[in-house]
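Report on the following structure.
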Amino acid sequence: MLYKAGGFLIVLSIVFFATGCAKSQEQKELSVKDNSVDIRVEGAVYPLKKQTIIPSVTGYINNIYVKNGDRVKKGTLIYTINKQPLALSIKSLQTQIAALKNIRRHILSSRTTDGNIYAVNIAARELKKIAQLKALGYANSFTQNKYKKNYINAIYSNRLARENSYKNLKDLDTNIKTKELALQKLQFQYNHADMRARIDGFVAGLHVSVGEQVSANSKLGAIVNIDKVIVKAGFATGLLPFIHLHQRVHADFITTPPYGATAYISQINPVVNPKYGRMTIEMIIKNHNYQLQEGTRALITIKLSKKGQAEVKKYFLNNKRNKMLEIKSKI
């Protein structure tokens with residue numbers, strides 16, 4: 001019987017799935033031979049580790065030190081890029097920052113914390129003299145008021161000068177900080193412009209040549225580690241109670257020659273993957289002779305405990321005429 005859930009298929013069988021590569025629908029179907037129950041799902045192979053080769057800066061390739069198929073170690077130099085434009089930009093920013101700091105020092109040296117206090121002091125002394133002269137009858141109120149205005153204007157100008165000086169310094173500090181951050185970014189790009197391997201693995205799909213201009217964030221190839229591989233498989237949500245970490249599975253891969261391996265579930269993701277519409281499990285398997293490549297298909301047989309088998313029979317195989325439950329995972 002076919003049990004459909006969202007258009008996908010998962011197999012609950014009452015037989016042990018024989019070691020080998022199932023290439024047809026008939027081979028995927030299981031018949032009753034004994035009283036054991038297994039779950040069988042479809043899966044696919046993914047590299048254990050993968051680094052996409054993506055330039056961090058735009059520039060021209062100077063040298064390339066590897067080719068496709070080369071095995072590289074972490075830290076191996078993949079290519080170098082012409083960094084002269086970056087060096088010129090760094091020098092330009094350094095010059096601008098130095099000039100702004102000189103302006104800042106000049107402003108600090110030409111001001112006091114009280115602004116133009118000298119003009120205020122002079123106006124105050126002149127007003128005091130006029131007040132004395134007026135007291136002696138040598139100056140009138142009009143003259144005294146004139147000096148009062150001079151004193152008030154000196155105080156106002158002093159305050160305005162302090163505010164302008166503070167604003168200029170604040171603007172300069174902001175400008176310097178912005179350029180220093182831009183300089184740090186350029187220096188980081190300069191130090192990381194050349195591409196190095198971040199993992200051990202094989203160079204794959206590298207498509208770039210010496211003298212070619214590459215753009216930042218473009219994909220130029222990959223470094224793939226397939227000494228071991230991750231096998232991912234999807235399963236219907238109703239089967240989660242029967243699947244556990246470290247549960248033994250058997251994987252049969254669609255390869256030539258056929259290849260099978262026993263493994264244990266290393267990760268269960270109970271959140272439905274929107275790409276597959278399924279929960280997923282993962283197993284790590286050693287890749288003998290590199291038969292397993294990214295995208296290789298697999299049939300995963302999950303071994304159930306006696307208690308799990310009894311529950312599966314109760315929930316899914318309670319009708320004696322039901323010989324199988326098959327739901328394709330499309331992983």
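These numbers come from a predicted model, not from an experiment.
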Closest contact, heavy atoms only, E282 versus K232: OE2-CE, 3.4 Å
Side chain proximity check, L183 to Q94, heavy atoms < 4.5 angstrom: yes
Side-chain donor or acceptor of T76 paired with backbone N/O of A197 under 3.5 Å: no
Contact summary for I300 and A233, nearest pair of heavy atoms: CG1-CB, 4.1 Å
Reported NE2-to-CD1 distance for the pair H207 and I53, which is rounded to 0.5 angstrom: 9.5 Å
Check: N269 side chain, T280 main-chain N or O, donor-acceptor pair, under 3.5 Å: no
Flag if over 12 foreign heavy atoms under 6.0 Å of NZ, K83: yes
Spacing of NZ belonging to K303 relative to OG1 belonging to T262, to within rounding of 0.5 Å: 8.5 Å
L240 and P270, any side-chain heavy atoms less than 4.5 Å apart: yes
Expected output: side-chain Q291 to main-chain P257 donor-acceptor under 3.5 Å: yes
Check: I285 and F253 side chains under 4.5 Å, non-hydrogen atoms: yes
CD1-CG distance between I103 and D171, expressed to the nearest 0.5 angstrom: 12.0 Å
Approximate separation, where rounding is to 0.5 Å, of M195 CE and Y65 OH: 14.0 Å
Q84 CD: over 12 foreign heavy atoms closer than 6.0 Å: no
Closest approach of S215 to P55 (non-hydrogen atoms, all atoms of both residues): O-CG, 3.6 Å
When the side chains of residues 174-182 are checked against the rest of the protein, which donor-acceptor pairs come out under 3.5 Å, sequence neighbours left out?
unit_1 : atom_1 : unit_2 : atom_2 : d
T174   : OG1    : K170   : O      : 3.0
T178   : OG1    : T174   : O      : 2.9
K179   : NZ     : Q96    : OE1    : 2.7
E180   : OE2    : K101   : NZ     : 3.3

Electrostatic pair R71-D227, nearest N-O below 4.0 angstrom: yes
Distance-minimising heavy-atom pair for V210 and N62: CG1-O, 3.2 Å
Residue from V41, I39, T301, I265 passing side chain to side chain contact (heavy atoms under 4.5 Å, CB included) with V249: I265
Single-linkage hydrophobic cluster I54~L86, side-chain heavy atoms < 4.5 angstrom: no
Flag side-chain contact, heavy atom, 4.5 Å: L48 against V229: no
Nearest-0.5 Å distance, CD1 of residue I61 to OG of residue S209: 8.5 Å
Over 12 non-hydrogen atoms of neighbours within 6.0 angstrom of CG in N289: no
Exam field: side chain T52 to backbone A222, donor-acceptor pair closer than 3.5 Å: no
Greater than 12 external heavy atoms within 6.0 Å of H246's NE2: no
Within-4.5 Å side-chain heavy-atom neighbours: F188 and S56: no
hydrophobic_cluster_shared for L245 and I281, side chain cutoff 4.5 Å: yes
Residues which pass ring-ring contact (aromatic ring centres under 6.0 Å, His included) with F142, listed by chain and number, not counting sequence neighbours: none
Ring geometry between F202 and Y290 (parallel below 30°, tilted from 30 to 60°, perpendicular above 60°): perpendicular
Shortest non-hydrogen separation from I81 to Y60 and the atoms involved: CG1-O, 3.2 Å
Min side-chain heavy-atom separation Q189-L186 under 4.5 Å: yes
For A263 against M283, the heavy-atom pair lying closest together: CB-CB, 4.2 Å
Separation between CD1 of I122 and CG of N150, rounded to the nearest 0.5 Å: 11.5 Å
Close side-chain approach of I64 to I78, heavy-atom, < 4.5 Å: no
I223 and V72, any side-chain heavy atoms less than 4.5 Å apart: yes
